*Asks:* 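First the structure, then my questions, so here it is.
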Amino acid sequence: MNTDQCTPEQQRHPVAFLVHPRTDVARDLGGVCRPLGWVPNAVYEGLMRRVRLPSAVTGTLRHADAPGFRAGWLITVPLTPSELLSGSRRVRDTIDRAVSRARDLGARTVGLGALTAPATAGGAALRHRPDIGITNGNAFTAAVTFQGVLRLLRQCAPDGRVAVVGASGSVGTPLSGLLARQTAQPLLLVGRNRKRLDALAATLEPGRAQLSTTLDDLRRADVVVLLTSAADALLDSRHLKTGAIVLDDTQPRNTRPELLLARPDVRIVDGGLVSVPGIVRRGYIGLPPGIAYACLAETLLLGLAGHQGHFALGTPSVGQAEHMLGLAHRFAHLGFTLAPPHTFGQPMNLNRRFEDPLPTALPTDSAASVAGTALA
């Protein structure tokens with residue numbers, strides 16, 4: 001079928017999005033079915049390690065402008081974060097079976113949520129599948145993070161310095177390309193591998209980036225974008241200048257609520273969140289209705305556009321990020337815009353003054369991003 005000659009309704013096809021229990025397995029499964037939250041985490045973790053459990057459909061998606069059309073399914077992969085980070089053959093086989101489940105349901109595109117993306121090398125390990133399209137969600141994540149950084153600069157730090165931690169990773173690479181065209185000051189690109197940073201800098205205009213392999217240099221930045229979940233790269237108060245703004249787009253989170261107590265001058269903003277009032281979601285993903293992660297939004301946009309085949313595998317290009325911005329504009333009647341600012345899943349005021357009192361209770365870590373990127 002030539003999708004260019006289709007009406008918007010004919011062009012759409014169903015999608016599926018893979019999720020998995022996060023660190024607190026009982027809490028996440030309790031969000032799907034309350035009694036499941038009463039089972040201790042140790043029981044779930046032992047069961048998932050020892051028994052080959054099937055992936056389960058735990059949610060559905062519909063478009064508000066076409067309620068009779070099944071937009072897609074949420075499929076929970078029965079793997080813990082520690083298992084997914086191992087990248088074992090068992091992990092990849094489990095994800096591959098989840099993709100087959102999505103195909104059998106009728107999905108034409110599968111989005112890789114959370115750590116299912118890095119566990120499959122950003123989806124590259126699934127490239128061999130001609131029967132269904134795969135996307136890792138990182139193109140739109142980069143685009144939405146780009147919009148989020150511009151909002152922070154505009155409202156809080158005009159002409160401020162931006163640092164990208166995990167700059168040469170799957171989200172950081174296209175994000176750096178987008179930001180290098182817009183920021184007043186050169187970017188500070190931070191990562192473990194100097195050769196990969198050098199290669200990234202070579203794709204940018206001369207003088208548009210400075211490179212670092214240490215978090216200590218973040219004290220020179222007004223806005224810090226976190227795209228790494230590395231346990232040995234946890235951000236803390238000594239890395240930040242006075243009044244710094246942190247955009248955290250990591251899973252597991254690279255920031256903790258306690259940082260707000262240690263540094264009341266610092267603001268932490270959740271990254272990768274998209275407003276989608278035109279998407280009706282049934283199922284738990286740790287976000288309120290009308291809000292989605294950018295990687296889920298990418299999957300939905302590809303389904304709306306009738307995209308055929310794979311999209312973002314491995315590291316997406318700047319062109320793919322810009323393509324997703326174009327699709328978001330095309331389907332703006334359903335939303336797909338940058339969500340209002342949140343911190344640890346709670347709405348926040350970006351213009352809070354340093355002397356304003358903090359909330360009396362710390363927020364919980366309930367809105368961990370599912371971008372699944374890593375410092376590279």
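Below, each value reflects all heavy atoms present in this structure, side chains not excepted, and no hydrogens, waters or symmetry copies. None of these values were measured; they are calculated from a predicted model.
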*Asks:* With sequence neighbours left out, write down each residue that passes side-chain contact (heavy atoms from CB on, under 4.5 Å) with L178, or none if nothing qualifies.
*Replies:*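 Counting only residues at least two positions away or on another chain, L178 forms a side-chain contact (heavy atoms from CB on, under 4.5 Å) with F146, V318, A321, E322.
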*Asks:* Could you give the distance from CG (L260) to CZ (R267), rounded to the nearest 0.5 Å?
*Replies:*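 Between atom CG of L260 and atom CZ of R267 there are 11.5 Å.
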*Asks:* Going by atom type alone, with no hydrogens or angles, which donor-acceptor pairs under 3.5 Å involve a side-chain atom of residues 116-126 and a protein atom two or more places apart or on another chain?
*Replies:*
residue, atom, partner, partner atom, Å
T116, OG1, G113, N, 3.1
T116, OG1, G113, O, 2.6
T120, OG1, T116, O, 2.9
T120, OG1, A117, O, 3.1
T120, OG1, G123, N, 3.1

*Asks:* Kindly indicate whether the side chain of L188, heavy atoms from C-beta on, has any atom under 4.5 Å from the side chain of S212.
*Replies:*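 Yes, their side chains come closer than 4.5 Å.
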*Asks:* State plainly whether one hydrophobic cluster holds both L112 and L105, where clusters connect Ile, Leu, Val, Met, Phe, Trp and Tyr through side-chain heavy atoms under 4.5 angstrom apart.
*Replies:*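 Linked within one cluster.
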*Asks:* Flag the pair D249 / V225 as yes when at least one side-chain heavy-atom distance between them is below 4.5 Å, and no otherwise.
*Replies:*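 The answer is no, as the side chains (C-beta and beyond) never meet within the 4.5 Å cut-off.
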*Asks:* By side-chain contact (heavy atoms from CB on, under 4.5 Å), which residues pair with S88, not counting sequence neighbours?
*Replies:*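 If we apply the side-chain contact (heavy atoms from CB on, under 4.5 Å) test to S88, skipping adjacent residues, the hits are S86, R90, V91.
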*Asks:* Roughly how far apart are F140 CZ and M324 CE, rounded to 0.5 Å?
*Replies:*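 Nearest 0.5 Å value for the CZ-CE distance: 6.0 Å.
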*Asks:* When you compare the side chains of R220 and Q185, does any donor N or O come within less than 3.5 Å of an acceptor on the partner?
*Replies:*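 Note: R220 and Q185 side chains miss the donor-acceptor criterion.
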*Asks:* Would R92 and D96 count as a salt bridge (Lys or Arg N to Asp or Glu O under 4.0 Å) if you check the C-alpha gap in whole Å, the side-chain angles of each, and the deciding distance to 0.1 Å?
*Replies:* CA-CA 6 Å; R92 293 194 176 188; D96 196 61; over 6 Å; no
*Asks:* Would you kindly say whether R192 and S168 are connected by a side-chain donor-acceptor distance under 3.5 Å?
*Replies:*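 No pair is found: no donor N or O on one side chain lies under 3.5 Å from an acceptor on the other.
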*Asks:* Rounded to the nearest 0.5 Å, how far apart are CG of L287 and CZ of R281?
*Replies:*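 Answer for the CG-CZ pair, L287 versus R281, is 6.0 Å.
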*Asks:* Just by distance, with hydrogens left out, do R196 and T173 show a side-chain donor and acceptor under 3.5 Å apart?
*Replies:*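 T173 and R196 do not have a side-chain donor-acceptor pair below 3.5 Å.
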*Asks:* Hey, are the side chains of Q155 and N351 touching, using non-hydrogen atoms and a 4.5 Å cut-off?
*Replies:*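 Yes, close enough: below the 4.5 Å cut-off.
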*Asks:* Check the orientation of H307 and F311. Use parallel for under 30°, tilted for 30 to 60°, and perpendicular for over 60°.
*Replies:*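 Rings of H307 and F311: perpendicular, as their planes differ by over 60°.
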*Asks:* Heavy-atom distance under 4.5 Å between the side chains of V110 and T299, does that happen here?
*Replies:*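 No; the side chains remain at least 4.5 Å from each other.
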